Amino acid sequence: MKILLLGASGSIGTQTRDVILKHHDKYQVVGVSLGSKDIVKQIISEFPEIESIYLTDGGLAKKYQERYPHVAFYSEQEGIETFITNADYDMMVNALSGFFGLLPSILALKSDKKLALANKESIVCGGDLLKPLLTKGKGVIYPIDSEHSAICRCLKAEPDNIKKVWLTTSGGALYSLSEEELDKVTPAQALKHPNWNMGKLITAESALMVNKAYEVAEACFLFNFEPTQIEVVVDKASFVHSAIEYSDGHIRAYTHKPSMEQPIEFALEECESIDPNYETKTYSQASLKLEPLDEESYPLFRYFESIIHFGSVFGTVFNASVETLIQSFLEKHIKYTDITAIIEYLFQNMPKNPMKVTNYEQLLEIDHKVRDRVKEVINKW
Ligand code: NDP
Ligand code: MG
């Protein structure tokens, strides 16, 4: 299978390369996108079959084009869109972070490709645009997010009579800190996740429980659950990757030590397993030792309701605010607790009705405008 790997230099991207290198007979990497990290030489030696590479830096792309004439280099100048539409691939692995990942997901589904999706912002910001592409086209999404991968395994093993979905969280880097402690949290503390080694944005989003808000929306989008069917519960060890409770009371779960290798492998396998139980097992509720989430400690968690209810325009506004505020916190312009305070200030007047979105350009414009507006608020805060 021919793979187009976007975000090959990041946490998921690097682990995807490792998985593909283990099964290089089955997968060929025909193209990768890189951001600021220059690992072109390493990529070409890992994947000699590669046909095209996207880099943000145009100067660097020109330099490498001369050194490697058999590979087509693209950069910001031509845009990621040209790189994707010119590529000949079967499956896109979207391991980009943030809103930037949305356009590639749209392009993949528009051309009826398989999409192994880590970039949850694609769904939060662009679900309204992706849904019709999935219903009308032949494109399909395979989740890489570990919770959704686990839910997918459980559903494949046992699809009917579902009572509830137990979506797990570790609690993030700042679990059980007091308000006074949170007020003094440094970027280094917020970025020190107990179980996972992930990119900066998602690690900070996990500490704020924004990541879990996104994951509830992602689960509803991918599996057509009602939000009321999902219960977020704490498993501090990240051993239970999510579970489903069935009408007769039994629970099916996918348990594993924290690692993204299994979800990545499962997505590349198009979420099919030779094991009829999809490596899931049944458990009693007590044996899983899942604790309820203290929602009061995470005021941003409940925004999942608005993301689901109001749709992609709201998701884009919310996500652009979160991305801008996290960036500002990591650059030490605002305190950790300011992130929540500014979001609550910005969203005190909620929209009345869902807003319709017709195309990607509309969301891109909203994303840019919101970032500028949030920066103005930060400057005056
Ligand atoms: P990273 O920050 O580690 O990697 C992001 C990748 O995207 C990098 O290759 C980066 O390039 C690239 N990138 C980001 N912005 C741009 C841009 N503007 N132009 C070009 N390239 C860009 O993130 P993660 O791998 O941790 O996460 C990726 C996605 O997967 C996120 O949506 C996250 O929420 C989701 N996810 C991650 C999990 C994890 O365990 N890490 C688990 C579940 C979901 P470069 O670094 O070279 O600048
Ligand atoms: Mg997850």
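Along the sequence shown, the residues carry numbers beginning at 1. Keep in mind that this is a model prediction, so the values were computed, not measured. As the structure lists them, so they are numbered: ligands from 1, and atoms in each ligand from 1.
- A cation-pi contact links Arg153 to Phe266, judged by a cut-off of 6.0 Å to the six-membered ring centre and 45° from its axis.
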Give every pair made of an N or O atom of ligand 1 and a protein N or O atom lying under 3.5 Å apart, one pair per line with both atom names and the distance to 0.1 Å, or write 'none'.
| residue | atom | partner | partner atom | Å |
| --- | --- | --- | --- | --- |
| ligand 1 | 3 (O) | Ser11 | N | 2.8 |
| ligand 1 | 9 (O) | Gly7 | O | 3.2 |
| ligand 1 | 9 (O) | Ser9 | N | 3.4 |
| ligand 1 | 9 (O) | Ser9 | OG | 2.8 |
| ligand 1 | 9 (O) | Gly10 | N | 3.1 |
| ligand 1 | 11 (O) | Ser9 | OG | 3.3 |
| ligand 1 | 11 (O) | Gly35 | N | 3.3 |
| ligand 1 | 25 (O) | Ser11 | N | 3.2 |
| ligand 1 | 25 (O) | Ile12 | N | 2.9 |
| ligand 1 | 26 (O) | Gly199 | N | 2.8 |
| ligand 1 | 30 (O) | Ala118 | O | 3.4 |
| ligand 1 | 32 (O) | Leu96 | O | 3.4 |
| ligand 1 | 32 (O) | Glu121 | OE1 | 2.7 |
| ligand 1 | 41 (N) | Ser11 | OG | 3.1 |
| ligand 1 | 46 (O) | Lys37 | NZ | 2.8 |
| ligand 1 | 47 (O) | Ser9 | OG | 2.6 |
| ligand 1 | 47 (O) | Gly35 | N | 3.0 |
| ligand 1 | 47 (O) | Ser36 | N | 3.0 |
| ligand 1 | 47 (O) | Lys37 | N | 3.0 |
| ligand 1 | 48 (O) | Ser36 | N | 2.7 |
| ligand 1 | 48 (O) | Ser36 | OG | 2.8 |

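- Each protein N/O/S atom under 2.8 Å from the Mg ion (ligand 2) was counted, for a total of 3.
- For the pair Lys156 (side chain) and Pro276 (backbone), a donor-acceptor distance under 3.5 Å is absent.
- Lys114 meets the salt bridge (charged side-chain N to carboxylate O under 4.0 Å, His left out) test with Glu270; sequence neighbours excluded.
- Residues forming a salt bridge (charged side-chain N to carboxylate O under 4.0 Å, His left out) with Glu181 (at least two apart in sequence, or on another chain): none.
- Contact annotation: the side chain of Asp235 never approaches that of Lys289 to less than 4.5 Å [non-hydrogen atoms, C-beta and beyond].
- Contact check for Ile202 versus Glu205: side-chain heavy atoms found under the 4.5 Å cut-off.
- Classified by interplanar angle (parallel below 30°, tilted 30° to 60°, perpendicular above 60°), the ring pair Phe318/Tyr214 is perpendicular.
- Counting only heavy atoms from C-beta outward, the side chains of Arg17 and Ile3 never approach each other to under 4.5 Å.
- Note on ring orientation: taking the six-membered ring where Trp is involved, the planes of Tyr68 and Tyr64 are parallel (angle under 30°, cut-offs 30° and 60°).
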